[in-house]
Every structure is written in structure tokens, then in C-alpha cells.
Colleague: 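Sharing a structure with you now.
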Amino acid sequence: MPEEIKAHITGVVFQITAAAGARVAAGDPVIVLESMKMEIPVEAPRDGAVKEIRVQEGQTVQEGDVVAVLE
Amino acid sequence: MIRTVLVANRGEIARRVVRACRRLGLRSVAVHSEADRDAPHVRDADLAVAIGPAPARESYLDIERIVEAACRAGADAVHPGYGFLSENWRFAEACRRAGLVFVGPSSDAIRTMGDKTAARRLMAAAGVPVVPGSPETVVDVGEAELCARDVGYPIILKAAAGGGGIGMARVAAAGDLPAAFATAARRAQAAFGRADLYLERFLERPRHVEVQVFGDAAGALVHLGERECSLQRRHQKLVEESPAPNLPPATREGLARAALAGARAIGYVNAGTLEFLLDASGGFYFLEMNTRLQVEHPVTEEATGLDLVVEQLRVAGGAPLAWRQEDIVPRRAAIECRVYAEDPAKGFLPSPGTIARLELPAGEGIRVESGVETGTVVSVHYDPLLFKLVAAGATRAEAVERLAEALERCVVEGVRTTLPLLRRVLASRELREGRVHTQMIEQGAFNA
């Protein structure tokens, strides 16, 4: 089952740390958001492969936006 | 002679500097990003200049645009506030090259104290006690291991070019060092463009106490007492007070003496702060020097009755320091807390949004420094500080009681804030008895 990963806060995409196709473990950062001078990782909720990254570095995302999808 | 001051900042500190300009009869120039077009600091100033889009890198951190704005607006001085470019020696240098007075120390002093290992070496040579640690940056994890063995675990890794707690990592035992070293180096590289790390012994439950110093171009130098700033999260302060409670007289005098010796060693001019960690046995160690005005400067102002920002502008304009050491005495107790747009229930996650309603307290002994108002959009691009509440009283107990009442009267709707946590802190026995240390908040001492 594909699973959507959502941003838990509003911020700007600072870094994409897992490319599409990469294997991630639960707790690994998939992207890092920058908000109010803080870097906040958005983590993989479970082990799996990244199916898709839906954001680009520098893009503003709102809380609840889908930033990536796991296979 | 200074006539027009450009304030290279935003929010409450920009308003604070504009107020000081007005007191001295100086013209003030605000700068603002596109996001801050309607911000209070823009309205406060006599003139405002747009300097670019919302991201700080393209506006408040853009040296060229700010210097150009200053020249275009006919400013003859620049006040950097805190944060942004305030501790960037290249900015101070760029101002001077453009014929602008930089309201602060020399670019050399900023540069020297900005390199945290060089600063520590220099302070140690001046007789200021420093935390046991690596004498310089460690080249690799092997050297870190050797050094950590001498210093003794637990240790803390820090970025040589760093600040604000970024890239710091506590290491409990030798086995954890390789992984922690790799992570800290990577974060330092990403945040500061330099991966260099140094290490220090990690002090358990220390207090953070700092000393305000002030020097002028003729070599006069005074201290304005200390501030207790132990209550922090992510190595950033939430509550500060002056004088520091429960400080033995010998420690208080030792801190002041050390701070003056340190500042004198670098020929320090204008306002600066030397930060120290205190251990349980009364030992104190130099942590770093902030070569700028501090966020928490109002507690010193309220305790001493002196205006630090007015004095910064006077001294930058070439005037001799208006105060002699013997005139500076704490007349009152003062305590401040910072209200941030962060959710303390969720590990202090940022809480951007629009302030739907704002009610700020007023009353005897209460001072509010706010950068926001009802309708302000709290943006993801900037520091989450909304406002500071400061209370003063004839005694510490009176100041604490006034701050606790003021906190009860604050209303902020639309964003989550640190208010609930601050109310619990002010009601706590630890704060009331003045027994605080730097790890309390992160250890959950004030959780609901």
C-alpha cells in the first residue's frame, strides 16, 4: 500500500534527503523543512522505498501537505 | 556626528532602536522585506526602504542591499540589532567602507569572538576561566577520541563557526563518539559552511550567567552586572533576570572581574556580553562573547535604570561613556520572559500563522517589547519571537509576582505560543526560589 507522508508543520523545503527510489527506514528524514530558523525533519513513518517526492527545495509547504509517497 | 540611523533588523528590536533614536533626536530608517511591508517597525521609523523578498537571505541578510539602502536614505550610521547580520564582521566592514558608522564593536572584535575556539584561547590567555576542552578544532574523530579521553566524558561537540545551539551534540561515552561526530560535522557544514568541530566537557545542570560590558573608543570599560539566563530550550533563552539570584558575592565579583579582563584583552568598544556557565561548586567558565546588543538587554536596563541602546548610539557617535563604574548599581530586580510562536506541548515546534487577537498587559513595573499586533502574519521566514514581557520590582519577589500576573493577562490567538509554559515556570518553586539550571526545560521540569 502506498503511503503519503505529510508535513507536520508549515515551512520551506530546506533539503530533500531521500530521492525517489531510495530505501528508507522508519524515522529516517525524507525531507528537511526550515521554519522560523529551525530545521525540522519530516520522517518516514515506516520502512520502505520512496515512490515519489512531491516538493522541491525552496518551496513553501503548509501543514498537512503531502511531501512524499512511500511504496 | 550621527544624524540618521538605519536599523538593519525587524520586529521588536527594530522598534526598540527606533525609540532610542527618537530619544536622541536622530532620524531613523527602517528596512523591510516584502513580507514586512506593513509591519509595526516600518511605521515607527521616519523612513522605510524595501530591501527584497521575504526570505532573510535575500533581504535582512543581504549586506549589499542594506548598505545600499543606508547610502540611498542618507543614513550615516547602521544599528544591526541582534541576530541577522549583527555578528557578521563582513557587514561591519562593509558599513565602514561605505562611510557608515557601525553601531557596535570593531569588525576585528566581531571576527575574533566569532571564531569560538580562537575566542576561548584568547580569553584563557587573558586569565578568564574556560571549560576544559580541545585547545583548537579537532581534525577528525580519532583526534576527538584522544582529546575526549583527556577532558573526560560526558563531552559536548560544537561547531567552530556556530551559534544558537546548531550542530551541538552531547556524547555520553566513547562508543557514541564516531556517530555523533559525523552528524555534528554534517550539520555544521550545512548551517555554517564549515564542518570544523571542537569539544568541551559537558557540565551537568550548570547555570548560564552572563555579564553585560560596555566600552568606549577612549578605552573606558564598565560592567553592568550579571543576568541569570538558565531557562532555555535548544540552547536559546526563555527567561532572564538581573541580578542573578543565589549568587555568592565572591562569584558575582569574580564574574565581573573576568568579564572586564576578557573585554579589555580585545579592546572592546560598545555593548557586549560575556556568557559563562556556572557549576554547582561555584566554578565559572567562559562560554562565548556576544559582540552585540542582547535580546535580554531590558532586564539590565530595568535593574540599573540605564538605557543601553541610547548609550550604544552615543558611543558609536564618538562620545565618551556616560557612566563610571561606581555609578552603576542594581536599583531594582528585573525579570523578562520571551513569548515565541512555538508550541511547547509539541517540543517547541514553530507555529506560524496570523495573530487573530492580541492583548498585552500594562501596569506598574511592566514593560512590553513587541514586534507584532493583531493581524500580524507570523512568517516561516523569521525568528519566532513575538514579544518580551519585562517586570521590575523593589525585590525579586515583587518582580516575579508582577511578571506572573502580567503573563496571566496576555492573550494571543491564532498561533500557539510559549505562554502556557512560561506561566508554569513563573508559578514553579524552582523559579520562585531561584534554583534553575540550563537543562530543566528539556528535562520536562515544567511540563503540564
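Heavy atoms only: backbone and side chains are in, while hydrogens, waters and symmetry mates are out. All figures in this text were calculated on a predicted structure; none of them were measured in a lab. First the proteins, then the strands, lettered A, B, ... as listed; each starts at 1.
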Colleague: Just list the side-chain donor-acceptor pairs under 3.5 Å for residues 4-28 of chain A, sequence neighbours left out, or say none.
Modeller:
| residue | atom | partner | partner atom | Å |
| --- | --- | --- | --- | --- |
| A/T10 | OG1 | A/E63 | N | 3.1 |
| A/T17 | OG1 | A/P29 | O | 2.9 |
| A/T17 | OG1 | A/V30 | O | 2.8 |
| A/D28 | OD2 | A/A25 | N | 3.0 |

Colleague: Identify, with sequence neighbours excluded, every residue that meets side chain to side chain contact (heavy atoms under 4.5 Å, CB included) alongside B/D343.
Modeller: B/A345, B/K346, B/R416
Colleague: Tell me, for B/A56 versus chain A, whether the close heavy atoms (under 4.5 Å) come from the side chain, the backbone, both or neither.
Modeller: neither
Colleague: Can you say whether B/Y340 sits under 4.5 Å from chain A via the side chain, the backbone, both, or neither, judging by heavy atoms?
Modeller: neither
Colleague: Only heavy atoms, only distances under 4.5 angstrom. Which residues in residues 41-55 of chain A are near chain B?
Modeller: none
Colleague: Quick one: do B/D36 and B/Y60 satisfy side-chain hydrogen bond (donor to acceptor under 3.5 Å, both in side chains)? Show the steps, please.
Modeller: CA-CA 11 Å; B/D36 279 340; B/Y60 298 104; 2.6 Å; yes
Colleague: Donor-acceptor check, side chain of B/N9 to backbone of B/P80, threshold 3.5 angstrom: yes or no?
Modeller: yes
Colleague: Please check: side-chain N/O of A/Q59 versus main-chain N/O of A/Q56, any donor-acceptor pairing under 3.5 Å?
Modeller: yes
Colleague: Can you name the side chain to side chain contact (heavy atoms under 4.5 Å, CB included) partners of B/A30, sequence neighbours left out?
Modeller: B/H41, B/A45, B/A48
Colleague: Counting N and O atoms only, with roles assigned by atom type, does the side chain of B/N88 sit under 3.5 Å from a partner on the main chain of B/F91, one being a donor and the other an acceptor?
Modeller: yes
